[in-house]
K.L.:
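Okay, handing you the structure first.
Note on naming: letters A, B, ... go to the chains in the order of the sequence lines (proteins, then strands), and numbering restarts at 1 for each one. What's counted below: heavy atoms across the whole structure, side chains too, no hydrogens, waters or symmetry copies.
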2 protein chains.
Amino acid sequence: MNDSRPQAADEAPGDVGMTDIPRFVPLYVQIKRLLTQGLQAGEWKPGEPIPSEVELARRYGVSQGTVRKAIDELAAENLVVRRQGRGTFVATHHEARTQFRFLRLLPDDEGGEELGSRIVECRRLRAPVEVARVLGLRAGEAVVCIRRILDLQGEPTVLDEIWLPGARFRGLTAERLAAYSGPLYGLFEREFGTRMIRAAERLKAIAADEVTAELLGIEPGSPLLQVERVSSTYDDVAVEFRRGLYVTRRHHYFNELS
Amino acid sequence: MNDSRPQAADEAPGDVGMTDIPRFVPLYVQIKRLLTQGLQAGEWKPGEPIPSEVELARRYGVSQGTVRKAIDELAAENLVVRRQGRGTFVATHHEARTQFRFLRLLPDDEGGEELGSRIVECRRLRAPVEVARVLGLRAGEAVVCIRRILDLQGEPTVLDEIWLPGARFRGLTAERLAAYSGPLYGLFEREFGTRMIRAAERLKAIAADEVTAELLGIEPGSPLLQVERVSSTYDDVAVEFRRGLYVTRRHHYFNELS
DNA sequence: AAGTGGTCTAGACCACTTT
DNA sequence: AAGTGGTCTAGACCACTTC
């Protein structure tokens with residue numbers, strides 16, 4: 001990096017194509033990419049510290065301020081966590097702090113947060129077309145399908161159907177799931193080296209069918225909040241499709257807009 | 001500001017109360033507060049530029065880098081918009097860009113974004129207890145209640161019930177609303193000096209009652225997405241309570257998690 | 001005391017927009 | 001050419017944590 005300062009791309013002035021090719025890539029963006037690659041490659045594991053700013057500045061031959069700006073953006077994207085006086089750590093799903101970033105369901109009346117999970121089934125099968133499309137697989141490729149129920153405040157509240165690429169989650173079985181307690185994303189991160197970074201959700205209100213109603217202990221036809229989620233890891237590679245059905249009688253999905 | 005560097009609060013070392021009193025307030029936070037106050041006071045109007053970084057640095061007697069950090073945070077909170085080479089502008093709801101930050105409803109199949117609005121009613125009345133509580137009013141104080149229908153892709157899709165503090169929105173009438181086209185928050189900003197900054201939403205799935213079903217042209221009992229929103233202006237003062245009922249047959253509420 | 005992230009400065013130069 | 005925000009540097013000092 002010592003001799004490579006950000007430079008203009010070999011591009012005639014004026015836009016050529018429809019995709020806007022950035023003419024200059026700032027140094028801190030380059031550093032940020034290097035760090036992201038290190039995270040992706042597992043050079044530093046979740047929960048562990050990354051090298052100090054001074055060390056990284058020396059290693060890459062840039063000033064500390066430049067490294068700092070790169071890390072600031074990684075922290076803003078929740079890829080790392082800064083802790084003054086201690087260091088900068090790779091984010092992990094094994095923290096109470098991270099839990100409610102992805103499960104945005106709260107009790108209407110401020111109550112406890114008891115959360116229980118029951119695996120209904122876990123089987124491997126060929127990907128249905130819709131799932132294959134979302135996960136970027138060929139139709140018929142192997143996928144894992146998990147169905148589980150979450151109990152909040154002691155009541156069955158969420159019925160999740162989770163689809164994962166079979167190749168990436170080789171060895172994921174019902175037994176393995178049953179033996180594990182804690183957030184599923186924690187398991188994925190620790191056992192399969194797959195960290196969920198971002199997710200896009202699509203919400204709808206639907207009526208409960210009979211099977212679902214039975215599982216959730218509600219009347220068929222009751223309104224349910226359907227939450228479809230596509231989660232992705234580094235580089236926005238989709239690695240999970242999830243359809244959740246939420247009972248919102250005593251709970252609600254919360255969202256902050258700004 | 002020339003002689004006031006950030007200093008330790010006159011506080012014995014060690015925490016005294018339960019509220020954590022910050023011992024040091026960084027300079028850039030102080031600058032940020034001054035700028036926020038200027039925005040709140042209307043010193044610079046929505047859409048207008050604020051003074052340049054150099055000018056502000058001179059005015060407050062700090063370095064440009066410090067002003068820069070303050071503005072960076074304001075930009076991250078969507079209070080201002082930076083434009084390279086031009087300046088920094090006060091954010092406004094009169095922009096296509098800002099529209100879908102608050103109405104997070106999209107067609108399932110990528111389609112146009114035709115959006116129509118019809119006012120059903122607009123009347124002034126005494127605040128019901130629930131509304132008074134949310135808006136921080138005394139029970140019985142004057143409020144404005146608006147009901148309107150949004151048509152997306154030519155179909156009635158949203159029934160909104162909007163509650164506003166009567167004092168702040170004096171002179172808001174059905175005629176005034178009918179004469180205006182565009183986002184409601186644009187009207188509030190321009191005509192009533194009230195800019196919505198942040199909002200917290202609570203979502204539930206419910207069944208349509210008869211009146212609602214009639215207005216939205218659906219069957220009674222159909223599932224609806226209920227979106228309750230509390231919007232606030234500078235300093236997190238709640239100034240709007242809104243209950244929206246969304247038909248999610250061909251649309252969905254989208255959300256990005258990270 | 002040493003090491004970490006956090007703040008602040010002063011100055012240089014670059015990219016972009018407007019005049 | 002002038003003015004704006006954007007990047008980068010080098011260095012100082014502060015706050016916090018650990019040893």
K.L.:
Among all residues two or more places apart in sequence or in another chain, which pass the ring-ring contact (aromatic ring centres under 6.0 Å, His included) test with His251(A)?
P.N.:
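Expected list: none.
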K.L.:
Among dT7(C), dT7(D), dT9(D), which is the nearest nucleotide to the side chain of Tyr28(A)?
P.N.:
dT7(D)
K.L.:
How about Ser231(A) and Tyr185(A): does a side-chain donor come under 3.5 Å of a side-chain acceptor?
P.N.:
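On atom types as modelled, these side chains qualify, holding a pair under 3.5 Å.
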K.L.:
dT4(D) P sits how many Å from Ile71(B) CD1, rounded?
P.N.:
12 Å
K.L.:
Residues in side chain to side chain donor-acceptor pair (under 3.5 Å) with Thr88(A), at least two apart?
P.N.:
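Side chain to side chain donor-acceptor pair (under 3.5 Å) check on Thr88(A) returns nothing, list empty.
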K.L.:
With a cut-off of less than 4.0 Å, is there a side-chain N or O of Thr66(A) near OP1 or OP2 of dT9(D)?
P.N.:
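Yes.
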K.L.:
Could you state the CG-C1' distance from Asp72(A) to dC8(D), rounded to the nearest angstrom?
P.N.:
15 Å
K.L.:
Just the rounded figure in Å: distance from C1' of dC8(D) to OH of Tyr60(A).
P.N.:
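Atom OH in Tyr60(A) sits about 18 Å away from atom C1' in dC8(D).
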K.L.:
With the threshold set at 4.0 Å, does a side-chain nitrogen-carboxylate oxygen contact exist between Arg168(A) and Glu240(A)?
P.N.:
no
K.L.:
Does the pair Leu257(A) and Arg101(B) meet the rule for a side chain to side chain contact (heavy atoms under 4.5 Å, CB included), with working shown?
P.N.:
CA-CA 7 Å; Leu257(A) 311 181; Arg101(B) 229 179 60 210; over 6 Å; no
K.L.:
Does the side chain of Lys69(A) get closer than 4.0 angstrom to OP1 or OP2 of dC8(D) through an N or O atom?
P.N.:
no
K.L.:
Measure the spacing between OH of Tyr60(A) and CG of Leu27(A) and express it to the nearest 0.5 Å.
P.N.:
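CG of Leu27(A) is found 12.5 Å from OH of Tyr60(A).
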K.L.:
Could you tell me how far apart Gln64(B) (CD) and dG5(D) (P) are, to the nearest whole angstrom?
P.N.:
8 Å
K.L.:
For Arg68(B) and dC8(C), what is the distance between atoms CZ and C1' respectively, to the nearest whole Å?
P.N.:
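Atom CZ in Arg68(B) sits about 15 Å away from atom C1' in dC8(C).
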K.L.:
Identify which one of Arg242(B), Arg243(B), Arg229(B) satisfies the salt bridge (Lys or Arg N to Asp or Glu O under 4.0 Å) criterion when paired with Asp160(B).
P.N.:
Arg242(B)
K.L.:
So which pairs with a foot in residues 180-190 of chain A pass salt bridge (Lys or Arg N to Asp or Glu O under 4.0 Å), sequence neighbours left out?
P.N.:
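Pairs touching residues 180-190 of chain A that pass the test: Glu189(A)-Arg195(A).
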K.L.:
Return the residues of residues 80-88 of chain A meeting this criterion: a heavy atom under 4.0 Å from some atom of DNA chain D. Order them by number, or give none.
P.N.:
Gln84(A), Gly85(A), Arg86(A)
K.L.:
Any ion pair linking Arg104(B) and Glu201(B) (charged N to carboxylate O, less than 4.0 Å)?
P.N.:
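Arg104(B) and Glu201(B): not salt-bridged.
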K.L.:
Is there a side-chain contact between Glu228(B) and Phe241(B), using heavy atoms and a 4.5 Å cut-off?
P.N.:
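Yes, their side chains come closer than 4.5 Å.
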K.L.:
Find the distance Arg58(B):CZ to dG3(D):C1' and express it as a whole number of Å.
P.N.:
15 Å
K.L.:
Which ones in residues 41-53 of chain B lie close to DNA chain D, meaning a heavy atom under 4.0 Å from one of its atoms?
P.N.:
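By residue number: Ser52(B), Glu53(B).
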K.L.:
Distance check needed: dC8(C) P versus Lys32(B) NZ, whole Å only.
P.N.:
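Interatomic distance, NZ of Lys32(B) to P of dC8(C): 13 Å.
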K.L.:
Please lay out, stage by stage, how Phe102(A) and His93(A) fare under the test ring-ring contact (aromatic ring centres under 6.0 Å, His included).
P.N.:
CA-CA 10 Å; Phe102(A) 286 92; His93(A) 283 104; 5.6 Å; yes
K.L.:
Using the C1' atoms of the five pairs at each end, what is the angle between the end axes of the helix from dA1(C)-dT18(D) to dT18(C)-dA1(D), to 10°?
P.N.:
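Here the helix ends are tilted 10° relative to one another.
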